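Please read these numbers as outputs of a predicted model, since none were measured by experiment. Within every chain, numbering begins at 1; the chains are lettered A, B, ... in the order of the sequence lines, protein sequences first and strands thereafter.
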Amino acid sequence: MILAVIARDLRLALRRRADLAAVLFFFVIVVSLFPLGVGPEPERLREIAPGVLWVAALLATLLSLPRLFADDFRDGTLEQLALAPLPLGLTVFAKVLAHWLVCGVPLAVLSPLLGLQFGLSGEALVVLSGALFIGTPALSGIGAIGAALTLGVRGGGVLVSLLILPLYTPVLIFGAGAVDAAVNGIGVEAHLSLLAALTLAGVFFAPWPAAAALRIALE
Amino acid sequence: MIVDFVRITDSAVYHDVHRLYDPQGDSLFSKARMLRSSIMLAVSALECHRGGRRLFAGVGFCLGAGELLYLHGPNGAGKTSLLRMLCGLLPPAAGEICWHGRPIARLGEEYRRELCFLGHHDAIKEELTPFENLSLSARLAGMRLDEARVLEALSRLGLAGREDLPCRALSRGQKRRAALSRLAIDRRPLWLLDEPFTALDAAAVNEVAALIGAHLEDGGLAVLTTHQPVEITAGAIQRLALGDEAESCRR
Amino acid sequence: MSHRPFHWYRYASPQAFYPLAGRMIPWFWALAAIFGVAGLSVGFLIAPGDAQQGEGYRIIFLHVPASWMSMFLYLVMAFWAGLGLAFRFRLSSMMASALAPTGAMFAFLSLWTGALWGKPMWGAWWVWDARLTSELILLFLYLGFIALQAAIDDPRRADQAGAILALVGVVNIPIIYFSVKWWNTLHQGSSLNLARSSMATTMLYGMLLCALACWMYAIAISLMRARRIMLEREKDTLWVRKELGF
Amino acid sequence: MYWNNLSDFLAMGSHGPYVWGCFVVMAAAMILEPALLRRSRKRLLERLRRQYRAEALDGKAARESSGECP
């Protein structure tokens, strides 16, 4: 049943490739703006690269969050999902996974390309992509709570960022920390393991409050 | 699969038969449900508030197998809220809803496996085709359907040539038909339909009425809100008025 | 602030709680004033100067109580909100909404006093150290709670949505705190570690008195705001009309 | 009494502006907040009284059911 929900979301996302592309272009544009603002010195760029790439990934995920529930809420399919004989938490878990596949994975795949702009070494690029790969599920999971809370609320898009960015800080710290450690050549295992812990917590615990928030929104 | 024994306890027999049987085996399947004469939806002293006002209070009724409940009343009388309470989406301010004698709040998924809700929204995705929408809602309801049954259900609702058009391209009435095609394949006993006949032409109205009649004959229950007078042939019909027509105390 | 009315159920309804809160508020204001005067006089007049930090350290008599209160009020808010969500007690949800602005104010005051304390000690208005940063994030959590409740019109849904956010926030506060601490351990450790208090006892008493003053103040102000919320939400009921003499 | 004269007390050993900066802001906050709250409460009471008076005038006050909305 969970696979049915995941397959459904993936098929819907593929039918609307424009949204998908918009999120990725946003990520590329935001990252490419920084060198223009900060200046071309490779040394400084290499220093700020982890932070810039991670914050851009954060914002890109945030941009695509409302899409997680808003369309289903508007055309009534969210009610049917809530009435499916499946715990709502699992349905939300499936949607978070689908959102991660559609939004998180492309970010992780694309990031090494953009890392080159900042002069990151090969090894750092691998760690960057790996950290993003591990971290983005947590972004989707925690973001689902924000998306569910602000469902059908006016000004919801802006509100999501205010609600969710504080909760994103641990993921940002460990994610950017991992890449920073790689750039400086020190061990990344500690960062990545903590990031993985956050992701597990995010993906397995976040859907339940999100489901509760959905139930309230559907009242 | 042949059933070797059937445990006749009040709420269990229906589930055993349902699980042991592949939904395709219609004939034997419905005979098993006739065995269960006491399928019951019992609602007592239901109360609903919206925006600080009390829409209705003290609403209660009992629905046995093969019975249909008409909910009518002016707009804003709380018909939709009552339906949403019955399907567990909206918790009532007071009162209780029991299915098989057990409150639905505690039943959770078990209850949701028994009911099919169709609200104002069509609950179909614009990007997907009617075929995909219907097979998806069937899978979500826990049914494994082969292609033939889905196509047959769609053609029954007059969508013969349009199975593979994205729903965006369909008219309002056709979208409603695509949503209602769900009833053609649904085997769940309790149907909660919120104005199913809106935006439908005469042919479609008769078809849906026939579907509901068949469902009632089959031993199912249905709660219906509608403004058009429609003749549903089978089943005992109860009526419940909400709002000004009713005498429920207005705050 | 977690006083529990003795007859729990009799005071669970806003109608019964409104007059009771009305009677208690003056007492809490009085207590806040007494503790305030005592704490400040100890802190500013009696306590000796500090060896390295000179007289500037006296800011801790304002900074530490504010930080404590901002953290404590968030926990109490999450407690009331969780109660409101679980048992649908409208009164406890109102209490949670009443606490949020005061908590946000204390978080802001903690940041303000922290910055003014940091300037003479570390030479910079804002220092990215673990405790100040997590205090900043706590302020964002408060603002998120208030903004979410303001954006939703239906009071019941606003309460429940706010409750979920508060509970998720409470679970995340330790994670945020330790991740920030892990990221930067510039801060001189917690200034009040009861095990090895590096401060003279008079300073300790001064700080505790100030903390009590802030606590009484928080109770008084949130009871007042809770009463205002009660009037607003129950304006269609008869007891509010009687309350206003109609 | 630690201080021997007022000017030392105010100067706070070269940290005066910082200490008093904190003190003033905190005191202001703890006075402003209740004042704002009292003002908004007064405005709410006026609004409610006006509303009830209007209702009383056009006879809506004669509600038949006594039960207050829980």
Side-chain angles (χ1 to χ4, degrees), chain C residues 13 15 29 32 36 40-41 44-49 53-59 61-63 65-66 90 98 101-102 105-106 108-110 112-121 202 210 213-214 217 220-221 224-225 227-228 231-232 234-246, chain D:
Chain C
S13 83
Q15 177 182 1
W29 277 119
L40 289 177
S41 56
F44 279 70
L45 300 178
I46 298 164
Q53 296 181 11
E55 306 309 335
Y57 87 96
R58 293 182 193 282
I59 294 180
F61 294 109
L62 302 174
H63 174 66
R90 287 194 331 286
T102 308
M105 188 200 75
F106 274 123
F108 169 74
L109 285 179
S110 158
W112 175 270
T113 50
L116 258 72
W117 187 20
K119 181 71 174 113
M121 301 310 151
T202 47
C210 287
C214 291
Y217 165 83
I221 197 82
M224 280 173 71
R225 188 173 293 117
R227 272 160 55 98
R228 188 197 168 287
L231 284 182
E232 177 109 41
E234 311 264 317
K235 59 179 185 295
D236 298 330
T237 62
L238 282 169
W239 70 270
V240 172
R241 288 170 201 278
K242 270 203 286 302
E243 203 63 41
L244 268 63
F246 274 73
Chain D
M1 183 57 176
Y2 175 74
W3 309 96
N4 28 42
N5 60 45
L6 185 62
S7 64
D8 288 357
F9 176 64
L10 290 182
M12 276 288 176
S14 84
H15 292 150
Y18 303 115
V19 174
W20 297 116
C22 295
F23 185 82
V24 163
V25 166
M26 193 140 182
M30 288 175 126
I31 292 165
L32 213 60
E33 192 181 9
L36 281 176
L37 191 57
R38 202 166 288 123
R39 197 170 58 135
S40 85
R41 178 188 155 86
K42 196 153 44 65
R43 207 174 291 149
L44 172 71
L45 289 180
E46 276 158 26
R47 186 161 54 87
L48 288 185
R49 283 204 179 88
R50 231 177 294 121
Q51 177 193 336
Y52 295 149
R53 214 170 293 125
E55 276 170 13
L57 282 183
D58 53 34
K60 258 229 191 80
R63 280 179 192 288
E64 71 286 354
S65 76
S66 61
E68 41 92 18
C69 179

Segment of L45(D) engaging chain C (4.5 angstrom heavy-atom cut-off):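 Backbone plus side chain of L45(D), per the 4.5 Å heavy-atom cut-off to chain C.
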Check each atom of [X] against the heavy atoms of chain D and say whether the ones under 4.5 Å are side chain, backbone, both or neither.
| X | result |
| --- | --- |
| K235(C) | both |
| R58(C) | side chain |
| F44(C) | both |

message: Among T113(C), L62(C), L40(C), which residue has the highest count of heavy-atom pairs closer than 4.5 Å to chain D?
response: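 Ranked by heavy-atom pairs under 4.5 Å with chain D, first place is L62(C).
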When S41(C), P120(C), C214(C) are compared by non-hydrogen pairs under 4.5 Å with chain D, the top option: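 Most heavy-atom pairs within the cutoff with chain D belong to P120(C).
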query: Given R225(C) and R41(D), is the side-chain contact (heavy atoms from CB on, under 4.5 Å) satisfied, shown in steps?
result: CA-CA 8 Å; R225(C) 188 173 293 117; R41(D) 178 188 155 86; over 6 Å; no
task: Between chain C and each of E33(D), R53(D), M26(D), count heavy-atom pairs under 4.5 Å; write down the option with the most.
output: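 Heavy-atom pair counts peak at E33(D).
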- prompt: For chain C, which of Y52(D), Y18(D), F23(D) has the most heavy-atom pairs under 4.5 Å?
  reply: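 That would be Y52(D).
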Neighbour count >12 (heavy atoms, 6.0 Å) for atom CH2, W112(C):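 No, the 6.0 Å shell around CH2 holds no more than 12 heavy atoms from other groups.
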field: Side chain proximity check, M224(C) to R38(D), heavy atoms < 4.5 angstrom
entry: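 A side-chain contact exists here, since the closest heavy-atom pair is under 4.5 Å.
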- request: Please name all residues satisfying side chain to side chain donor-acceptor pair (under 3.5 Å) with R47(D), sequence neighbours left out, ordered by chain then number.
  value: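 Here the qualifying residues are E232(C).
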task: Indicate the atoms forming the closest heavy-atom contact of L231(C) with L44(D), along with that distance.
output: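 For L231(C) versus L44(D), the nearest heavy atoms are CB-CD2, 3.8 Å.
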- prompt: How close do D236(C) and Q51(D) get, heavy atom to heavy atom, and via which atoms?
  reply: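 Heavy atoms only, the tightest pair is OD1-NE2, 4.2 Å.
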task: Using the test side chain to side chain contact (heavy atoms under 4.5 Å, CB included), find all partners of A29(D) that sit at least two apart in sequence or belong to another chain.
output: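 A29(D) satisfies side chain to side chain contact (heavy atoms under 4.5 Å, CB included) with M105(C), L109(C) only.
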query: Could you state the interatomic distance from OG (S40(D)) to CZ (R228(C)), rounded to the nearest 0.5 Å?
result: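 One gets 4.0 Å once the value is rounded to the nearest 0.5 Å.
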